2 protein chains.
Amino acid sequence: MTAMSSPSNAPGTRERLIQAMSNGLQIGGFHGVALNDLLTQAQAPKGVLYHHFPGGKVDLAVAAIRAFVTHVKTALDGLQATHGDPFQVIGAWLEQAQKALEQGAFERTCPLASVALDSTAEDVVLRQAVARGFAEIREYLESLLEQAGVTGPRASALAILLVSGYEGALIQARVAGSVTPLEETSTLLLEMLRLELTTKVRSK
Amino acid sequence: MTAMSSPSNAPGTRERLIQAMSNGLQIGGFHGVALNDLLTQAQAPKGVLYHHFPGGKVDLAVAAIRAFVTHVKTALDGLQATHGDPFQVIGAWLEQAQKALEQGAFERTCPLASVALDSTAEDVVLRQAVARGFAEIREYLESLLEQAGVTGPRASALAILLVSGYEGALIQARVAGSVTPLEETSTLLLEMLRLELTTKVRSK
DNA sequence: TTGACACTAGACCGACCGGTCTACATAATG
DNA sequence: CATTATGTAGACCGGTCGGTCTAGTGTCAA
């Protein structure tokens, strides 16, 4: 193995490329982001991209999606460490999303969503990566809800709703240039969750 | 005025272009769709596009967005005519969306969402068109809920949630290649709505 | 030392994109 | 009939895209 670089070292070129692609996907989507821009942003020449990602743009995008999902799960892990109650974890997650939205001036959305929408049926690998990402996040939320006493199928349905509401709210917030859609959606989502949890606790 | 063509006549070239762009936006998004493809699809040469839409691609997309929103509102009007209860109208709307999703083999999504995500901050007109479209749909749902006795602010919040859930569910359904996300989301959304309406009726 | 290998580096290319341009058909208007 | 509006038609262009190619660099192992 080479002296340095591969996994876990400096901000390695490979990682910078992934980071740049992640940014690009959040801002402009898969078709909207130009490879040359990413390379400029990552201070890297063309060849290095082809070296690390033989599959080119698609390959890099898949890596960025994977990295993003990992990032989300890590963030949720962190929240889980500071908040005992699953309900509070989800509340904190939505709150955090709102702050991120404001900080990003409403230009950053979920890369999963953007890739999901501007990919066509031919982009099989891209779609699969997104599908898997969503599934992982849903599973995480699902297990969180189950910890709070919600039964399997119900937890699964609620996890889907949480993701639906979150993604849909981000879309509306972006074009409106306002946090209101996310705010209102979060409030109602949490309201519903609270209702669910108290009911479940009663029946426990 | 010319003998024929302008508004409401044959399937006019202009309308065919709008229709093609609408398809394109639903399938590949703004950046994902090629003008040449649209022209082939609409059996029209380049010049005719420039004639009808001096602003080019953006102009055409705005028209397609407008047309789509009108189409949605018309569809809701139709549902309202056959279903007296606002709750049933929304239920029928979600059901219809599910059928459309299956018929389109999960490739057609809401053009509002796709444009919202693959447009950047520079695409002002595009963003505004989408923002207005979302606002109009929300207002429609809001008035529907108010008819059912929900008070203003609450109706507004619920309208936002409905759109959020709907859009987010479509995204998940698309990449999953399954109606399940939309099914589950719809069920929970309607459940919440029913709870809301019975509560309101009681307090009426 | 030297060969192999991982990585960096950027010039280059064909394809395609959106946009512009000029030419033509049709038909209402004077 | 001539004129002008409106709409149809497609060749053409500059710019940019993603992808490929060849060359250079540093560091291991033999």
Side-chain angles (χ1 to χ4, degrees), chain A residues 1-21 24-25 27-64 115 118-120 122-126, chain B residues 1-21 24-25 27-64 115 118-120 122-126:
Chain A
M1 182 175 293
T2 50
M4 40 171 289
S5 70
S6 289
S8 69
N9 267 88
T13 307
R14 186 189 153 95
E15 279 67 34
R16 286 204 315 276
L17 282 171
I18 291 179
Q19 182 56 42
M21 177 55 106
L25 291 180
I27 294 171
F30 184 74
H31 288 117
V33 72
L35 238 29
N36 288 321
D37 288 352
L38 297 184
L39 293 167
T40 303
Q41 199 176 320
Q43 292 270 61
K46 267 282 176 66
V48 85
L49 186 151
Y50 186 74
H51 173 73
H52 288 293
F53 306 95
K57 196 180 188 183
V58 170
D59 223 351
L60 177 56
V62 169
V115 174
D118 76 5
S119 65
T120 65
E122 285 93 47
D123 311 323
V124 192
V125 277
L126 226 38
Chain B
M1 180 178 294
T2 50
M4 39 172 289
S5 70
S6 291
S8 69
N9 267 87
T13 308
R14 186 190 154 94
E15 278 67 33
R16 286 203 317 276
L17 282 171
I18 291 180
Q19 181 57 39
M21 176 55 105
L25 291 181
I27 293 171
F30 184 74
H31 288 117
V33 72
L35 236 30
N36 288 321
D37 289 351
L38 297 184
L39 293 167
T40 302
Q41 199 176 322
Q43 292 268 61
K46 267 282 176 65
V48 84
L49 188 151
Y50 186 75
H51 173 73
H52 288 292
F53 305 95
K57 196 181 188 184
V58 170
D59 222 350
L60 177 55
V62 169
V115 173
D118 76 3
S119 65
T120 65
E122 285 94 48
D123 310 322
V124 192
V125 277
L126 227 38

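Everything numeric here is computed off the predicted structure, so don't read it as measured data. Each chain gets a letter, A, B and so on, in the order the sequences are listed, and its residues count up from 1.
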Original post:
Rounded to whole angstrom units, what separation is found between the NE2 atom of B/H51 and the P atom of C/dA25?
Top reply: 17 Å
Original post:
Choosing from D/dG18, C/dC17, D/dT8, which nucleotide comes nearest the side chain of B/V48?
Top reply: D/dT8
Original post:
Is there a side-chain polar atom (N or O) of A/T13 under 4.0 Å from OP1 or OP2 of C/dC7?
Top reply: no
Original post:
With sugar-phosphate meaning primed atoms plus P, OP1 and OP2, does A/V33 contact a base, only sugar-phosphate, or nothing at under 4.0 Å between heavy atoms?
Top reply: sugar-phosphate
**OP:** Please state how far atom CD in B/Q43 lies from atom P in D/dG7, giving the value in whole angstrom units.
**Re:** 20 Å
**OP:** Look at all strands and tell whether B/G47 reaches a base, only sugar-phosphate, or nothing, counting heavy atoms closer than 4.0 Å.
**Re:** base
Original post:
Since syn is defined as within 90° of 0, does D/dA5 count as syn or as anti?
Top reply: syn
Original post:
Nearest-Å distance, CG (B/L60) to P (C/dC17)?
Top reply: 16 Å
Subject >> Heavy-atom closest contact (A/A61 atom, A/L126 atom, distance) >> reply: CB-CD1, 3.8 Å
Original post:
Starting at the 5' end of DNA chain C, which residue's closest nucleotide do you reach first, A/A44 or B/V58?
Top reply: A/A44
Original post:
Side chain of B/N36: nearest nucleotide among C/dC17, D/dG7, D/dC17?
Top reply: C/dC17
Original post:
Starting at the 5' end of DNA chain D and moving along, which residue's nearest nucleotide shows up first, A/A34 or B/P45?
Top reply: B/P45
Original post:
Nearest to the side chain of A/Y50, which nucleotide is it out of D/dG19, D/dT20, D/dT8?
Top reply: D/dT20
Original post:
Can you tell me how far P of D/dG10 sits from CG of B/L38, to the nearest Å?
Top reply: 17 Å
**OP:** Please determine, for D/dC13, whether a Watson-Crick or G-U wobble partner exists with both distances under 3.5 Å, and give it or none.
**Re:** C/dG18
Original post:
Which nucleotide, D/dT8, C/dC7, C/dT20, lies nearest any side-chain atom of B/K46?
Top reply: C/dT20
Subject >> A/T120 versus B/I27, closest heavy-atom pair with distance >> reply: CG2-O, 4.3 Å
Original post:
To the nearest angstrom, how far is B/K57 atom NZ from C/dT20 atom C1'?
Top reply: 17 Å
Original post:
Roughly, in whole Å, what's the span from CG in A/L35 to C1' in C/dC12?
Top reply: 15 Å
**OP:** Send over the distance from A/H31 NE2 to D/dG18 P, rounded to a whole Å.
**Re:** 9 Å
Original post:
What pair of heavy atoms forms the shortest contact from A/V125 to A/V62, and how long is it?
Top reply: O-CG2, 4.3 Å
Original post:
For C/dT26, which nucleotide is its Watson-Crick or G-U wobble mate, given both distances must be under 3.5 Å?
Top reply: none
Subject >> Smallest separation among heavy atoms of A/H31 and B/G32, with atom names >> reply: ND1-CA, 3.7 Å
Subject >> B/F53 CZ to C/dT20 P, straight-line distance once rounded to whole Å >> reply: 15 Å
Original post:
What are the two closest heavy atoms between B/F30 and B/K57, and how far apart are they?
Top reply: O-NZ, 2.8 Å
